[in-house]
Amino acid sequence: MTRIKICGLRTAQDIQVVATLPCSYVGFVFARASRRAITFEQAKTLRKQLLCVCANKHKIAPATVGVFVNEAVDVVAHCLNSGVCDICQLHGVEDENYIARLRKLSDKPCIQALRITSAADVAKAQHSKADYVLLDAGAGDGKSFNWTFAQAMTRPYFLAGGLNSQNVTEAITVLHPFAVDVSSGVEEQGHKSELKMNAFCTAVVNADKASKKEVQHG
């Protein structure tokens with residue numbers, strides 16, 4: 001099953017929608033330069049709401065992912081250890097030393113996002129010391145990279161960059177990523193769209209069903 005991560009949630013309405021969807025992860029952006037940025041306090045409130053809504057629906061709540069760009073390591077550790085988020089996602093130039101320092105401060109999982117422009121970038125992703133890696137085209141700008149590079153990946157990874165309900169089926173069919181990560185692809189005029197979030201998740205579920213049937217009849 002391909003996991004789904006919807007990133008850049010900001011409002012109570014966003015939470016109400018994702019709580020009904022088959023998401024494994026939801027993302028809160030803490031990079032101050034991003035238009036999707038929220039504070040730790042806002043994230044705490046949204047996470048509490050998510051847990052409450054999912055409990056009422058007798059549904060396992062998605063893991064919350066805090067997205068950081070070149071943030072001080074102790075700030076990231078505080079986010080994880082204080083229960084603001086379950087996982088951190090490093091989307092800047094954080095290196096192996098940074099990850100090692102973070103591991104000394106928190107035992108929560110870490111996703112390292114890597115910009116993929118060449119085979120060398122894929123090799124770096126393969127050897128990352130992070131718990132998970134995320135392959136992207138850039139700094140969350142909604143653009144796709146050349147998926148041919150990702151075909152060389154042998155470890156599970158999150159696929160991001162320019163995904164939407166129209167192309168995610170192809171992405172899953174061709175690459176079989178561990179998870180798909182979407183943000184701008186489910187937005188309308190800069191805000192999360194319930195219609196687009198539903199369409200994206202439906203496309204992922206249907207792609208998985210089609211892949212399963214292909215394997216069964218292969």
Discussion item. If you count heavy atoms of other groups shown closer than 6.0 angstrom to NZ of Lys59, is the number above 12?
Written reply: yes
Worksheet entry | Lys196 atom NZ, neighbour heavy-atom count above 12 within 6.0 Å | yes
Practice prompt. Take Gln42 and Arg10, measure what side chain to side chain contact (heavy atoms under 4.5 Å, CB included) needs, and give me the verdict at the end.
Written response: CA-CA 8 Å; Gln42 289 172 310; Arg10 290 180 286 172; over 6 Å; no
Worksheet item: Is Asp208 reaching over with its side chain to a backbone N or O of Thr2, donor-acceptor style, under 3.5 angstrom?
Response: yes
Worksheet item: If you round to the nearest 0.5 Å, how far is CD of Gln151 from CG of Asn146?
Response: 8.5 Å
Fill in: Nearest atoms (heavy-atom pairs only) where Asn164 meets Gly185
CB-O, 4.0 Å
Discussion item. Any non-hydrogen side-chain atom of Ile6 less than 4.5 Å from a side-chain atom of Lys192?
Written reply: yes
Discussion item. Checking Gln49 against Thr45 for the side chain to side chain contact (heavy atoms under 4.5 Å, CB included) test, could you report, in this order, the C-alpha distance in whole Å, the side-chain angles of both residues, the deciding distance, and whether it holds?
Written reply: CA-CA 6 Å; Gln49 180 188 358; Thr45 300; 5.7 Å; no
Discussion item. Under the criterion side chain to side chain contact (heavy atoms under 4.5 Å, CB included), I'd like the reasoning laid out for Phe40 against Val75: C-alpha separation, chi angles, the key distance, then a yes or no.
Written reply: CA-CA 10 Å; Phe40 281 1; Val75 173; 4.0 Å; yes
Discussion item. Has Asp14 got a side-chain atom pairing as donor or acceptor with Thr11's backbone, closer than 3.5 angstrom?
Written reply: yes
Discussion item. Hydrophobic cluster membership, with links at side-chain heavy-atom distances under 4.5 Å among I/L/V/M/F/W/Y: are Val69 and Tyr132 in one?
Written reply: no
Worksheet item: Val67 and Cys7: which non-hydrogen atoms are nearest, and at how many Å?
Response: CG2-SG, 3.7 Å
Worksheet item: What's the verdict on side chain to side chain contact (heavy atoms under 4.5 Å, CB included) for Met197 and Val18, showing C-alpha distance, side-chain angles and the deciding distance?
Response: CA-CA 8 Å; Met197 285 191 281; Val18 298; 4.0 Å; yes
Worksheet item: When you measure from the side chain of Glu194 to the backbone N and O of Val17, does any donor-acceptor pair fall under 3.5 Å?
Response: no
Practice prompt. Kindly work out whether a path of hydrophobic side-chain contacts (I/L/V/M/F/W/Y, heavy atoms less than 4.5 Å apart) joins Leu51 to Ile15.
Written response: no
Practice prompt. Over all heavy atoms of both residues, which pair between Glu188 and Ser193 is shortest? Give the atoms and the distance, please.
Written response: CB-CB, 4.1 Å
Worksheet item: Which distance, rounded to the nearest 0.5 Å, do you find between the NZ of Lys5 and the OG of Ser183?
Response: 8.0 Å
Worksheet entry | Heavy-atom check, side chain of Glu94 versus side chain of Ile99, under 4.5 Å | no
Discussion item. With a 4.5 Å cut-off on side-chain heavy atoms, are Arg115 and Asp136 touching?
Written reply: no
Worksheet entry | Tyr25 side chain reached by Ile87 side chain, heavy atoms, under 4.5 Å | yes
Fill in: Non-hydrogen side-chain atoms of Ile4 and Leu21 separated by less than 4.5 Å
no
Discussion item. Is any side-chain heavy atom of Asp181 closer than 4.5 Å to one of Leu163?
Written reply: no
Worksheet item: At what distance, to the nearest 0.5 angstrom, does CD1 of Ile38 lie from CZ of Arg36?
Response: 12.5 Å
Practice prompt. Evaluate the side-chain proximity of Phe28 to Val84: yes if any heavy-atom separation is below 4.5 Å, no if none is.
Written response: no
Worksheet item: Are Phe149 and Val133 grouped together when hydrophobic residues (ILVMFWY) are joined by side-chain heavy atoms under 4.5 angstrom apart?
Response: yes
Practice prompt. State, yes or no, whether a side-chain contact exists between Phe158 and Gln89 at a heavy-atom distance under 4.5 Å.
Written response: no
Practice prompt. Using modelled atom types only, decide if a donor and an acceptor are shared between the side chain of Arg35 and the backbone of Gly190 within a distance under 3.5 Å.
Written response: yes
Fill in: Inter-residue atom distance Leu135.CG - Leu159.CG, 0.5 Å rounding
6.5 Å
Worksheet item: Thinking salt bridges, do Glu71 and Arg32 make one under a 4.0 Å N-O criterion?
Response: yes
Practice prompt. List the steps, then state whether salt bridge (Lys or Arg N to Asp or Glu O under 4.0 Å) holds for Asp95 with Arg101.
Written response: CA-CA 10 Å; Asp95 58 14; Arg101 288 164 55 209; over 6 Å; no
Worksheet item: Sub-3.5 Å donor-acceptor pair from the side chain of Asn81 to the main-chain atoms of Leu105, do we have one?
Response: yes
Worksheet item: Going only through I, L, V, M, F, W and Y residues with side-chain contacts under 4.5 Å, is there a path from Trp147 to Phe200?
Response: yes
Practice prompt. Would you name the heavy atoms of Phe30 and Gly66 that are closest together and state the gap between them?
Written response: CE1-CA, 3.6 Å
Discussion item. Please check: side-chain N/O of Asn56 versus main-chain N/O of Val53, any donor-acceptor pairing under 3.5 Å?
Written reply: no
Response to the item:
Here the pair of heavy atoms bringing Gln112 nearest to Ser128 is OE1-OG, 2.5 Å
Discussion item. Taking Ile111 as the starting point, is it possible to reach Ile116 by hopping between hydrophobic residues whose side chains are less than 4.5 Å apart?
Written reply: no
Worksheet item: Atom CG in Asp107, atom CG in Leu102: separation rounded to 0.5 Å?
Response: 10.0 Å
Discussion item. Return the CG to NE2 distance between Leu134 and His91, rounded to the nearest 0.5 Å.
Written reply: 5.5 Å
Worksheet item: Would you find a donor on one side and an acceptor on the other, under 3.5 Å apart, between the side chain of Arg103 and the backbone of Cys110?
Response: no
Discussion item. Please give me the minimum heavy-atom distance between Cys23 and Cys201, naming the atom from each residue.
Written reply: SG-SG, 4.3 Å
